[in-house]
Each structure stands twice: as C-alpha cells, then as structure tokens.
Amino acid sequence: GMDARVHHAYDWTMYTVFSLWDTFRALHPLLSITDRRRTQDFARSMVAKGREAKVLPVWELAANETWCMIGYHSVPVLVDAYLKGINDFNAGEALTLMKRGATADRYGLFEYMKHGYIPGESESESVSKTLEYAYDDWCIAAFARAMERDDEARIFEKRAQSWKNLLDPATGFMRARVNGNWALPFDPTAVTSHYTEANSWQYSFFVPHDIIGLIAAHGGEQ
C-alpha cells in the first residue's frame, strides 16, 4: 500500500498506476459507461490509496505517489462514477480526502486560494494549474451537493469560478498574470512555462464545468 504496509482486497480488485492527468478527461468517463465493474474497483482503489497516503492519488505508480503532472484528478473520476450510480465506496471519506488535497500547501494551491489564481511569478504552469484546479473544485462541489453538504459545495463552487481571473478580455485568451499584470510577451501559439504541455490556444477552452459562462465571457454564442 501507499503506507508501505500489506493490505488485502478480499472481494474486489486493487488497481494501480493511475496516470490521472492522462486519463481523467476521456478514458475514465468512457469506462464509467462501458466497464462499470472495473470503474467501481478503480474508485475503491483510489479511496483506499487515499486512506493509506492521507491524500487521494495524483499520479500513483505501484503504490508510490510520483506527484507527476498537475491537478487532483482522482476527484473527477470518483465524482463521475458516483453520479452515475457507481457508488459502492465510502463517499464521506472520499469527500474528506478531496477537501484535504484541495487545501494543501503545494503546487500553487496556497496562492490559488489566496488570489483566485496562481501568479506566474510564484509557480510554473500557473495557467494550466489554475484552470484544472477550478474544474476539480467544481467536481468537489457537485459531489458535496449530491451528499447534501451545501455549505461545502458553496465554497468549492466559488473556487470553481477562478478561471475568470485568467481570461484576458482584450485578447480572449487565458493568460498568465505576473505581479498582477498580464505576462508579456504574449503569443497564444507559444508553449511556455505558464502552460502544461500546451499553449494558450489549447487551454483557453479548458472550462468544461462552465461552458455557458465561457461563451458569455466571449460575448455570446455568435
């Protein structure tokens, strides 16, 4: 296990190697439709690993946390499963672990909670991290709502709107902010340290939890 102890899964299968930044967007949502049995065991595995490590997996490899890539993307996998009725895991424990991961002081989260975005001068990949944290926070809010934990839901619904703080209305692109100002020079096609394996053109569309809001921020459907 993540705690270097031996554990047993008697009536389910423990899975490992959750490369979640690579799989949360499309693979896990697909499997929650096409392979519900394995998805159930994925969820149990993630909660068990969270129990052992005191935080949900980020990019887990053979019972070791690599902290590779960004976000805390066990969250959308668990929430997607739960809302589709794949819910044979401890939801209360899962929510506690989600909140613990979302309020830790690492990878720009302190600045994100303080400013509503991650300043580019304090953390690399600040735009990508801000946008992916905002999406994960929306998932936590949806999970809390489903559990009738409305006070917690409101906290994370507010955090989920952090994407608006990096949308530059003059250019329509998601941009890094350095010392409170838009980072210069700016080329939306450039792959820079402000983005994770991508550029502004790609990340400027990453608001999957508030597509209507993103449309409105660009002036409407037209």
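On a predicted model such as this, the values are computed, not experimentally measured, just so you know.
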Run the side-chain contact (heavy atoms from CB on, under 4.5 Å) test against Ser193 and tell me which residues pass, sequence neighbours left out.
none

Enumerate the salt bridge (Lys or Arg N to Asp or Glu O under 4.0 Å) contacts for residues 28-37, please, sequence neighbours excluded, ordered by first and then second residue.
Asp35-Arg38

Nearest heavy-atom pair of Lys84 and Pro29: which atoms, and what distance?
NZ-O, 3.4 Å

Spatial distance of atom OG (Ser204) from atom CG (Leu131) [nearest 0.5 Å]:
8.0 Å

What closest approach, in Å, do Thr39 and Ala81 show between heavy atoms, and which atom pair accounts for it?
CG2-CB, 3.9 Å

Cluster question for you: counting only ILVMFWY and a side-chain heavy-atom cut-off of under 4.5 Å, with indirect links fine, are Phe18 and Trp12 together?
no

Considering only residues two or more places apart or on different chains, which pairs with a residue in residues 50-62 satisfy side-chain hydrogen bond (donor to acceptor under 3.5 Å, both in side chains)?
Thr16-Glu60, Asp22-Trp59, Lys49-Glu60, Arg51-Glu93

Do Thr171 and Pro188 come close enough that some side-chain heavy atom pair is under 4.5 Å?
no

Please state whether the rings of Tyr135 and His209 are parallel, tilted or perpendicular, taking 30° and 60° as the class boundaries.
tilted

Can I get a per-line list of side-chain donor-acceptor pairs under 3.5 Å for residues 104-115, giving both atom names and the distance, sequence neighbours left out?
| from | atom 1 | to | atom 2 | distance (Å) |
| --- | --- | --- | --- | --- |
| Tyr112 | OH | Ala134 | N | 3.4 |
| Tyr112 | OH | Asp137 | OD2 | 2.7 |
| Tyr112 | OH | Arg159 | O | 3.1 |

Any residue meeting side-chain contact (heavy atoms from CB on, under 4.5 Å) with Ser126, in chain and number order, not counting sequence neighbours
Ile118, Ala176, His194

Residues clustered with Val6, ILVMFWY side-chain links under 4.5 angstrom:
none

Using modelled atom types and a 3.5 Å cut-off, is there a donor and acceptor pairing between side-chain atoms of Asp136 and backbone atoms of Val75?
no

Rounded distance [0.5 Å steps], OG in Ser162 versus NZ in Lys129:
15.5 Å

Side-chain heavy atoms of Phe156 within contact of Met98, under 4.5 Å:
no

Please give me the minimum heavy-atom distance between Pro57 and Gly50, naming the atom from each residue.
CD-N, 4.4 Å

What's the spacing between Ile140 CD1 and Ile155 CD1 if we round to 0.5 Å?
11.0 Å

Pairwise side-chain contact, Glu157 with Arg145, heavy-atom cut-off 4.5 Å (strictly under)
yes

Less than 3.5 Å apart, any donor N or O on the side chain of Thr23 or Ser19 sitting next to an acceptor on the other?
no

Test side chain to side chain contact (heavy atoms under 4.5 Å, CB included) on Ile86 and Phe42 and set out the steps.
CA-CA 10 Å; Ile86 307 171; Phe42 294 158; over 6 Å; no

Linking I/L/V/M/F/W/Y whenever any side-chain heavy atoms sit under 4.5 Å apart, do Leu95 and Leu83 land together?
yes

With sequence neighbours left out, the residues meeting side-chain contact (heavy atoms from CB on, under 4.5 Å) with Glu132 are Trp21, Phe24, Arg25, Ile70, His73, Tyr203, Phe206

Once side-chain contact (heavy atoms from CB on, under 4.5 Å) is applied, do any residues pair with Lys164, and if so which ones, sequence neighbours excluded?
Gln161, Asp210

Do Leu56 and Leu78 have side chains that get closer than 4.5 Å, going by heavy atoms?
yes

Give a yes or no on whether Val17 and Met69 share a hydrophobic cluster (residues Ile, Leu, Val, Met, Phe, Trp, Tyr; joining criterion: side-chain heavy atoms under 4.5 Å apart).
yes

Is it the case that the side chain of Asp150 and the backbone of Ala153 share a donor-acceptor pair, with hydrogens and angles ignored and the cut-off at 3.5 Å?
no

Which donor-acceptor pairs under 3.5 Å do the side chains of residues 178-185 make with protein atoms, sequence neighbours left out?
none

Provide the closest heavy-atom pair for Phe186 versus Ser200 in the form atom of the first, atom of the second, distance.
CZ-OG, 3.7 Å

For a 4.5 angstrom cut-off between non-hydrogen side-chain atoms, does Met46 reach Leu97?
no

Less than 4.5 Å apart, side chain to side chain, heavy atoms only: is that true for Val55 and Glu65?
no

I need the Glu123 CD to Tyr117 OH distance, nearest 0.5 Å.
14.0 Å

Is the closest side-chain heavy-atom distance between Leu20 and Val77 below 4.5 Å?
yes

N/O donor to acceptor pairs below 3.5 angstrom from side-chain atoms of residues 215-222, sequence neighbours left out:
none

Go through the structure and list residues passing ring pair (Phe, Tyr, Trp, His ring centres under 6.0 Å) with Trp201, not counting sequence neighbours.
Phe173

Nearest atoms (heavy-atom pairs only) where Tyr195 meets Arg175:
OH-CA, 3.8 Å

The criterion is side-chain hydrogen bond (donor to acceptor under 3.5 Å, both in side chains); which residues satisfy it with Asn87, sequence neighbours excluded?
none

Met174 versus Ser128: any side-chain heavy-atom pair under 4.5 Å?
no

So which heavy atom on Asp41 is nearest to which on Thr13, and how close?
OD2-N, 3.2 Å

Joint hydrophobic cluster, Tyr72 plus Leu61, side-chain heavy atoms closer than 4.5 Å
yes

Going only through I, L, V, M, F, W and Y residues with side-chain contacts under 4.5 Å, is there a path from Val47 to Met14?
no

